[in-house]
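Quick note: residue numbers are just sequence positions, from 1.
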Amino acid sequence: MRLSLIGTGAIATQVLGQLASHTDVRIESVVRSTRAHQAGEKAETWNGVPVFRAVPYEATDLVVEMASDTAVTQHVVPALRHGIPLLSG
C-alpha cells in the first residue's frame, strides 16, 4: 500500500517510525503546508521521504492526515474528491 502523509510534526514522525518495519506499506510522499512561513518549506525530503505541496494522486492508495485544519481544506478534500481514502489522526 502506498501512503501519503499530510503533516511533518511529532505525530507524523511517530507514524513514520512505526511503519518503517512494515514491508507491505510504503510511504511515497509527505505533503507539507503551502504557508509561506512554514519552517523548512524548501526541503525536498523529510526523513528520506519526498516532500510535495499536494497529494500525488496517482501514487497514493491512502492519505494519512496529521496536520492542521488548513491542511484538511488544502489537501484532504481534494484527495477525497479523487477517490483516495483517508485516515485522520
Side-chain angles (χ1 to χ4, degrees):
M1 177 172 284
R2 303 167 302 163
L3 303 183
S4 285
L5 304 181
I6 298 177
T8 56
I11 296 171
T13 301
Q14 290 295 315
V15 168
L16 184 68
Q18 292 293 320
L19 293 175
S21 64
H22 293 267
T23 57
D24 57 336
V25 174
R26 289 189 328 263
I27 299 176
E28 295 289 331
S29 64
V30 64
V31 179
R32 184 170 284 167
S33 172
T34 57
R35 292 177 292 175
H37 65 276
Q38 174 85 21
E41 71 174 292
K42 299 203 183 284
E44 294 181 14
T45 63
W46 174 78
N47 289 316
V49 179
V51 173
F52 289 82
R53 293 204 178 262
V55 174
Y57 306 119
E58 295 79 26
T60 302
D61 299 316
L62 176 68
V63 168
V64 181
E65 181 274 322
M66 300 156 289
S68 67
D69 293 341
T70 301
V72 171
T73 303
Q74 287 181 340
H75 306 297
V76 172
V77 172
L80 290 171
R81 287 186 179 140
H82 279 86
I84 300 172
L86 166 72
L87 177 63
S88 185

For this session: Report the residues that fulfil side chain to side chain contact (heavy atoms under 4.5 Å, CB included) with Leu80, sequence neighbours left out, ordered by chain and then residue number.
Result: Val76, Leu86
Seminar exercise, completed: Taking every heavy atom of Val49 against every heavy atom of Val30, the minimum-distance pair comes out as CG1-N, 3.7 Å
Exercise. Say you draw a straight line from CG of Asn47 to OG1 of Thr13; how long is it, rounded to the nearest 0.5 Å?
Worked result: 5.5 Å
Exercise. For the hydrophobic clusters of this structure (ILVMFWY residues joined by side-chain heavy atoms under 4.5 Å, transitively), does one cluster hold both Leu19 and Ile6?
Worked result: no
Problem set entry | Interatomic distance, His75 atom NE2 to Arg32 atom CZ [nearest 0.5 angstrom] | 11.0 Å
Problem set entry | Among Val31, Leu87, Val55, side-chain contact (heavy atoms from CB on, under 4.5 Å) partner for Val63 | Val55
For this session: May I ask whether Val25 and Val64 are part of the same hydrophobic cluster, defined by side-chain heavy atoms of I, L, V, M, F, W, Y residues being less than 4.5 angstrom apart, directly or through others?
Result: yes
Exercise. What pair of heavy atoms forms the shortest contact from Ala12 to Gly7, and how long is it?
Worked result: CB-O, 3.3 Å
Exercise. Quick one: OG1 on Thr60 to CG on Leu3, what's the gap to the nearest 0.5 Å?
Worked result: 8.5 Å
For this session: Sort and list the pairs that fulfil side chain to side chain donor-acceptor pair (under 3.5 Å) and have at least one residue in residues 79-89, not counting sequence neighbours.
Result: Glu65-Ser88
For this session: Rounded to the nearest 0.5 Å, what's the gap from CG on Leu5 to CH2 on Trp46? Could you check?
Result: 6.0 Å
Problem set entry | Arg2 side chain to Glu58 backbone, donor-acceptor under 3.5 Å | yes
Exercise. Is there a path of hydrophobic side-chain contacts, each under 4.5 Å between heavy atoms of I, L, V, M, F, W or Y residues, that connects Ile84 with Val72?
Worked result: yes
Exercise. What about Leu62 and Tyr57, same hydrophobic cluster or not, with Ile/Leu/Val/Met/Phe/Trp/Tyr joined at side-chain heavy-atom distances under 4.5 Å?
Worked result: no
